Amino acid sequence: MTEILVLVEHVDGDVKKVTLELLTLARSLGEPAAVWAGPGYSEVAKGRLAEFGAEKVYVADSADIVDYVVAPKAELLASLVASRAPAAVLIASTAEGKEIAGRLAVKTDSGVITDAVGLGEGFVADQSIFGGGVNVHSRVSKGTPIVAVRPNSTAPVPSTGAAAEEKVDVALSDAARAAKVVERVKQEKGARPELTEAAIVVSGGRGVGSGENFAIIEKLADSLGAAVGASRAATDAGWYPHAFQVGQTGKTVSPQLYIAAGISGAIQHRAGMQTSKTIVVINKDPEAPIFEIADFGIVGDLNQVVPQLTEEIAKRK
Amino acid sequence: MNIVVCVKQVPDTATERKLRSDDKTLDRDAADGVINELCEYAVEEALRLKEAHGGEVTVLTMGPDKATDTIRKALAMGADKAVHLVDPALHGSDALSTSYALAQTLKKIGFDLVILGSESTDARTGMLAAMLAERLGTPQLTLANKVEISGAGITVQRVTDYGFDKVEASLPAIVSVVEKINEPRYPSFKGIMAAKKKQVQTFGIADAEIDAAQVGVANAWSEVADFAVAPPRAAGTVVKDEGDGGVKTADYLASKKFI
Ligand SMILES: Cc1cc2nc3c(=O)[nH]c(=O)nc-3n(C[C@H](O)[C@H](O)[C@H](O)COP(=O)(O)OP(=O)(O)OC[C@H]3O[C@@H](n4cnc5c(N)ncnc54)[C@H](O)[C@@H]3O)c2cc1C
């Protein structure tokens, strides 16, 4: 079977969930070979990749790979595409993942698909476009298929792989070292999962009423181990940071469960959450368009419903 | 400083957007064309940098004839002149061809700084700036929520999952900006009038030395195999809160094994 390269996403040495999803997907289409880029590689990380079926692990753990913006990772992948001739390359469809995919596509003269929500035989990708209004099957017609797959597109399933390790050295070109990261600033986000990766997202909109009142959204999120999101009305008002905006010009999320409280469901908001598996809505206006896509909805005041729900979840734990 | 802002005309997100049944490309006639919202932030940032450091702002658009509306909007905001890359051969170009065509044009017109929005609301690939940096061999300073220039040096804050990275490079460079980096200005009446007199240069593919075999729907690196209007989500249960809305929601979540 031919190799499928999977670029590993990791933070503080931990493999992110999206990588386990991509390994699971890759297994159904070929032989997954994980590509580790940057420092932080360990036996623990290797064990995790093995657990989800990596047959090989290419390790390029020198620091300079992450010292420059995006280009070094694309260079690393391009060298592996040239030397191993993989059947495809899978990358997480995050803002940075898509940039890596784009540069890699140019370097290898290959087609690229972003925002895939599924991937089948022949690397035909499922995409949901125009705010969820149209479903598309796309495929790469030239070169090595490069597919950026959205987090939560598939459930990670363990299945042991050999994880045969191979060190890779890349001599970065000058062009790859043109944009240097001189400082990394971590902003407090607490213990909550990352918005685009989270299995559950609880979002608040204008109906929340104030920045202080977002505390009830946060409490509900915490009771479910969820990430917090916000509509643009809420971020515009300064009630919640822009980094948490879900929608057309914010983040795209595709969680197992999306709870929208005090959000009307404008098309631009839906564009960022329509592929969620289950959608629960709390809104006081029975005519709010968000109810059209709800699996379950409560017509009511979120100030009553949300705290009651949080309490009820605590009781049932 | 010679600043080029790449802007794109996109179908209004508030109208129904479609793919064409014949060649499976975006149906640009079905919806009203507007300037991609993130491009407005790019134009604003270019204008602010020009105001602070001097120079000239050129708008670059690739798109059909009717994209001139979008060019005029950027000129009305205050950009100095525009280049419109328009050619039937470009119809249906994918991200790779578009980045190639724009890179060729940028080489022709020259630049110290190229600014783009971080993505378009129609294709949403978010790759163009990175692809241009790759093709032009210039530093990639993308997803910026702050841009500073001093002499030949440029520093940006790149938005990340955990906060931001401070990134440094030398000009010439490619920058993409995220929403809320600034507050885009509204064109004034004077600006709108002045825009009518500003120079819009039209480029065909030959003018930019673009190889016809590298662009257009027939030469794309990826293709739409088929598409369908998404079936409406199955109607869900909606209940009115009778004082037990939270409990009922918890029941539902429990039935789906979320709690
Ligand atoms: C180009 C473009 C890009 C955009 N990008 C985005 C984007 O990325 N993300 C995004 O979200 N929007 C985006 N928008 C904006 C979008 O069109 C909407 O304006 C926005 O989503 C509205 O946010 P909202 O639903 O919170 O507010 P509203 O539409 O004002 O809805 C508030 C809702 O809260 C309900 N409510 C009020 N009080 C209560 C209460 N006490 N209890 C329960 N319910 C209550 C109301 O019934 C109402 O339905 C974009 C717009 C444009 C033009």
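Protein chains get the first letters and strands the later ones, always in sequence-line order, with residue 1 at the start of each. Small disclaimer: the values here were computed from a predicted structure and weren't measured.
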Give a yes-or-no answer on whether the side chains of [X] and [Y] include a donor-acceptor pair shorter than 3.5 Å.
X	Y	result
T15(B)	D12(B)	no
S93(A)	R150(A)	no
E99(A)	T142(B)	yes
Q140(B)	R103(A)	yes
N182(B)	E45(B)	yes

Checking heavy atoms, do the side chain of [X], its backbone, both or neither come under 4.5 Å from chain A?
X	answer
E168(B)	both
N145(B)	neither
L19(B)	both
Y252(B)	side chain
L253(B)	side chain
E179(B)	both
K18(B)	backbone
R158(B)	side chain
A220(B)	backbone

When [options] are compared by non-hydrogen pairs under 4.5 Å with chain B, the top option:
options	result
Q248(A), R184(A), K186(A)	Q248(A)
L224(A), V136(A), D115(A), T196(A)	V136(A)
A105(A), P241(A), A175(A)	A105(A)
I100(A), D174(A), L220(A), T235(A)	T235(A)
T249(A), T252(A), V281(A), T114(A)	T249(A)
T94(A), D236(A), I259(A), V182(A)	V182(A)

Enter the distance from [X]:[atom1] to [Y]:[atom2] here, rounded to the nearest 0.5 Å.
X	Y	atom1	atom2	value
E194(A)	K17(A)	CD	NZ	11.0 Å
N36(B)	Y41(B)	CG	OH	10.5 Å
K248(B)	E312(A)	NZ	CD	12.5 Å
S176(B)	L116(B)	OG	CG	7.0 Å

Which residue pairs pass the side chain to side chain donor-acceptor pair (under 3.5 Å) test when at least one of the two sits in residues 280-294 of chain A, sequence neighbours left out?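 Non-adjacent pairs meeting side chain to side chain donor-acceptor pair (under 3.5 Å): zero.
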Region of [X] that comes under 4.5 Å of a non-hydrogen atom in chain B:
X	answer
T278(A)	both
V112(A)	both
Q268(A)	side chain
I129(A)	side chain
Q256(A)	both

Got more than 12 heavy atoms from elsewhere within 6.0 Å of CD, E16(B)?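 No.
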For residues R20(B) and H91(B), report the shortest heavy-atom separation together with the two atoms involved.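 Heavy atoms of R20(B) and H91(B) come nearest at NH1-CE1, 3.7 Å.
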